Amino acid sequence: MITVESVSKNFNGKPAVDNISFQADDKEILVLLGTSGCGKTTTLKMINRLIDADSGDILIDGKNIRDQKIEELRTGIGFVMQHSGLFPHYTIKQNIAVVPELLKWNKKKTESRTEELLHKLHLSEDVLSRFPSELSGGQQQRVGIARALIANSPILLMDEPFGALDNITKADIHSEFKSLEELKNKTIILVTHDVQEAFELGHRICLMDKGKIIQTGTPKEMLYHPENDFVEDFFAENRLLLGYKVATLKDINDFNSENLFDEFNFTENTSVWNALQKLSSDHKNTAHYENLIRAFNDYRKLQIV
Amino acid sequence: MTRQSLWQFIVEQQEKLLTQVVQHLGLTFLSLFLAIIVGVPLGILIARKRKLSSSVLGVAGILQTIPSIALLGFMIPAFGIGAAPAIVALLIYALLPIIRNTYTGITEVNSTVIESAKAMGMNKSQLLFKVELPLAMPVIIAGIRTAAVINVGVATLASFVAAGGLGEFIFGGISLNNTNMILAGAIPAALLAVVLDQSIAVLQKSGYKLLQKLKYIVPAILLILGIAYVLTSASGNKIKAGFTPEFMGRQDGDLGLRSVYGLNVNPKVVNDAVMYKAAYEGELDLISGYSTDGRIKAFDLYVLNDDKKIFPPYFAAPIIKTKTLEKFPELEETLNVLAGKFNDSIMTDLNYKSDYLHQTPEKIAKDFLMKNNLYKNPRNGNSGTIKIGSKIFGEQYILTEMYKMLIEGNTNYKVETKTGLGGTKICFDALMNDAIDFYPEYTGTGLLVLLKPSQETIKTVSQNAGKTYNYVNSEFKKQYGIQWLKPLGFNNSYALMMRKKQAKELSIKSISDLKSYLDTN
């Protein structure tokens with residue numbers, strides 16, 4: 001659990017983060033969302049003290065981060081950055097093993113853990129001997145994630161982790177990311193400016209602007225119960241798409257007489273968007289498709305009221 | 001004397017050449033090694049504390065601009081002569097590129113990489129050694145490469161302070177008008193620079209991994225070469241002798257001392273500019289010098305009597321092409337005004353004023369001419385320009401000024417001076433190529449360095465001053481179309497000298513006394 005209490009940070013007298021407080025619960029993915037310059041990255045970097053807060057406290061599991069040795073704090077927190085931040089002079093194998101080396105793991109343990117992660121992140125073993133520059137952007141990002149995960153730290157901070165990827169690669173990694181067992185019991189804080197990414201990955205979203213938190217809530221809350229005009233306007237452009245994405249088959253079950261779960265391999269948690277995508281790929285399913293749209297519309301009407 | 005080919009010279013002198021190459025490499029590597037030890041940490045420091053960077057780089061930059069020979073001069077009071085001042089001077093020259101490239105290399109490491117290293121929990125030293133230095137390494141090595149090439153070049157000057165190296169051949173060759181000797185020094189020096197540059201380039205390309213493997217081997221090589229250097233230049237003599245490169249290679253110099261007196265003092269090669277001071281300070285006991293040098297008076301030195309007459313007469317006279325005299329008809333008469341106006345003690349005194357009292361050559365020249373009622377105000381005439389050359393020591397500067405004043409006062413010619421032209425060879429070539437019109441030369445130098453007749457001729461003509469003068473004058477006219485005007489009257493011959501006090505203690509008065517002193521102990 002990460003608790004941020006009245007934290008502020010000024011750069012050259014200008015407030016970058018202005019007295020914010022929030023909490024990320026265990027096993028939760030909390031997304032810090034906002035346009036560039038809103039203070040979201042600064043907030044993230046204050047958690048592992050890449051930037052030191054001017055005032056306020058940050059606690060991890062109740063322990064103030066200032067009371068620990070900075071190196072120990074950091075080895076205990078996984079960090080993924082936008083441009084993978086891999087060491088260009090290290091092979092992939094060495095890159096993944098940086099933290100284990102700092103923690104003085106024995107070689108066997110590092111190797112077996114590396115192998116395990118490669119498998120989970122769909123990387124082949126022959127990347128190990130290569131250098132970062134020889135990998136594609138998507139592969140680099142996976143290596144970056146492997147590096148952050150290797151030490152099994154309970155906390156993961158991600159700074160625009162998929163920001164440099166093209167949309168197709170991004171979509172692939174998103175779906176892998178969600179299904180990754182490794183991440184299920186971590187506390188994750190993810191920074192992004194991408195509204196769709198925030199909705200797709202976040203359990204809760206913290207919308208920030210000009211160094212302040214405007215609203216914190218689940219994607220559904222953000223979409224259907226904006227606290228003010230800023231929040232409403234922020235999602236206005238993607239409103240319809242986000243609506244399809246936040247609604248799950250479970251949500252609209254009451255409005256839909258059909259049971260599609262077995263036939264199409266859907267689960268309760270499949271989003272309406274994904275279900276529609278699947279159905280739209282074949283003409284035979286047009287009837288199912290239209291039923292689903294109808295059900296969604298009924299559901300939506302109820303949310304907006 | 002038959003002309004020797006470069007190859008013959010190299011074969012003949014291979015032992016000396018090898019020693020010089022080893023010394024040269026030793027000096028270069030030892031100073032480079034020290035410069036890395038000093039420069040890389042300094043570069044890291046200023047990369048950490050950026051505020052310091054401009055002042056540190058500024059100071060290193062200023063040090064870089066000090067002329068190398070001047071820098072060597074500064075080193076002598078602090079480090080004496082020999083390897084120490086040479087290595088320190090070389091170290092100073094190597095510093096700037098190493099500090100600057102270390103600084104640039106580290107500050108230009110991608111900030112994302114640094115941030116990710118920090119985020120993974122590296123402490124400052126891990127960050128430095130695992131990330132910053134390896135990534136900056138190609139740039140740092142490029143700096144070391146620059147420094148190495150600079151050092152190979154500057155190390156030729158090490159021979160000025162008796163530190164050996166290929167400069168011994170190069171500057172000896174220039175002084176002795178011996179092209180083979182110059183090339184035997186210059187070609188290996190150039191090759192060393194190229195080879196060193198290319199081998200470091202290989203290191204630079206192969207990157208950090210290879211360097212990791214070599215990290216014990218490279219310092220070992222550097223140290224071995226350093227030790228080799230120390231061994232080749234160590235000498236266990238009770239009299240420390242230092243001779244100029246010119247003196248080393250001449251019959252009326254070290255060669256004559258060996259063959260006529262049987263005196264082998266294992267001399268170090270040292271530059272004339274630092275030699276007297278080194279003798280005064282006890283760094284050297286026996287030096288070669290010139291009999292009219294003002295520093296004999298200034299530093300209380302004693303000139304040993306040349307009892308077997310190996311130093312031929314060195315009477316000074318202007319030398320000039322006959323066709324120049326025809327072009328400037330008033331010139332000969334004007335130049336001859338100074339003929340016979342000097343003797344050894346007058347010249348020593350003038351030199352003393354220059355070398356020790358630090359009066360300017362202009363003032364000394366004017367005072368002398370005034371005293372002798374020869375000074376006339378310049379006419380500022382405009383009928384042609386005469387270019388006067390001079391070698392690079394005080395006496396020649398003074399004579400040049402006197403000639404300048406005389407010409408400007410007595411004729412309508414304009415004067416241009418080209419002073420400080422290295423050695424005999426440079427002056428003489430300048431005269432032959434009409435870069436200068438005349439310069440004061442010495443009969444002995446004309447005989448032994450420029451004409452180089454057979455041993456027998458030398459023996460016969462160097463018996464007295466008149467014979468030498470007549471011989472060089474007629475030979476120069478025949479061979480080069482150059483005349484020797486009337487001698488000025490002083491004899492600036494080679495001489496061996498010691499500190500007066502030491503000579504007295506050991507009761508050494510002549511070169512033979514020195515020989516028997518060395519033999520008995």
Side-chain angles (χ1 to χ4, degrees), chain A residues 41 44-52 68-91 94-104 129 131-133 140-141 143-151 153 155-161 163-164, chain B residues 40 43-44 47-51 101-145 200-215 218:
Chain A
T41 299
L44 187 79
K45 286 180 180 172
M46 284 193 286
I47 296 169
N48 68 353
R49 295 185 61 192
L50 282 176
I51 297 173
D52 269 317
Q68 307 181 46
K69 249 183 106 182
I70 199 162
E71 287 86 17
E72 278 167 21
L73 171 76
R74 287 170 178 168
T75 44
I77 299 176
F79 191 74
V80 183
M81 20 193 358
Q82 177 171 8
H83 300 282
S84 65
L86 297 177
F87 298 166
H89 60 303
Y90 276 20
T91 60
Q94 290 171 312
N95 262 299
I96 294 176
V98 169
V99 178
E101 204 181 302
L102 294 178
L103 295 173
K104 304 204 164 61
S129 59
F131 286 91
S133 59
Q140 287 186 26
Q141 215 51 44
V143 174
I145 293 170
R147 184 175 69 169
L149 293 180
I150 191 159
S153 48
I155 293 171
L156 189 60
L157 305 179
M158 308 182 91
D159 183 12
E160 304 261 6
Chain B
V40 172
I44 294 169
R48 288 266 177 282
K49 303 198 185 321
R50 307 269 163 107
K51 275 183 196 160
N101 281 38
T102 306
Y103 171 73
T104 316
I106 289 179
T107 51
E108 282 181 1
V109 171
N110 189 333
S111 58
T112 314
V113 174
I114 304 242
E115 187 167 68
S116 88
K118 281 187 190 161
M120 279 186 286
M122 287 194 175
N123 61 31
K124 277 187 177 168
S125 75
Q126 288 164 334
L127 181 65
L128 179 67
F129 288 105
K130 287 176 192 264
V131 181
E132 289 176 306
L133 278 184
L135 288 174
M137 200 49 75
V139 184
I140 296 175
I141 293 178
I144 294 173
R145 194 174 154 190
I200 299 177
V202 170
L203 213 66
Q204 195 178 355
K205 278 192 204 114
S206 62
Y208 188 64
K209 268 193 180 167
L210 183 75
L211 212 71
Q212 289 247 302
K213 283 183 205 156
L214 292 177
K215 74 181 164 196
V218 172

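Worth saying up front: this structure is predicted, and the values here are computed from it rather than measured. Throughout, a chain's letter reflects where its sequence line sits, starting with A, and its residues are numbered from 1.
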Please classify the contact between A:R147 and chain B as side chain, backbone, both or neither, with a heavy-atom cut-off of under 4.5 Å. side chain

To check you understand the geometry: which heavy-atom pair defines the closest contact between B:S116 and A:G85, and what is its length? OG-O, 2.6 Å

At a 4.5 Å cut-off on heavy atoms, which part of A:I77 comes close to chain B: side chain, backbone, both, or neither? backbone

Apply side chain to side chain contact (heavy atoms under 4.5 Å, CB included) to residues A:F87 and B:K130 and explain how you reach the verdict. CA-CA 10 Å; A:F87 298 166; B:K130 287 176 192 264; 5.8 Å; no

Side chain from CB out, backbone as N, CA, C, O: work out which of these in A:K45 comes under 4.5 Å of a heavy atom of chain B, or both, or neither. side chain

Go through the atoms of A:L86 and report whether side chain, backbone, both or neither lie under 4.5 Å from a heavy atom of chain B. backbone

If you count heavy-atom pairs within less than 4.5 Å of chain B, which of A:L50, A:V99, A:N48 leads? A:L50

Determine, stepwise, if the pair B:M120 / A:T75 fulfils side chain to side chain contact (heavy atoms under 4.5 Å, CB included). CA-CA 5 Å; B:M120 279 186 286; A:T75 44; over 6 Å; no

Looking only at non-hydrogen atoms, find the nearest pair between B:L135 and A:H89 and report the distance. CD2-ND1, 3.4 Å

Min side-chain heavy-atom separation A:F79-B:K118 under 4.5 Å: no

A:E71 vs B:M122 side-chain heavy atoms within contact, under 4.5 Å: no

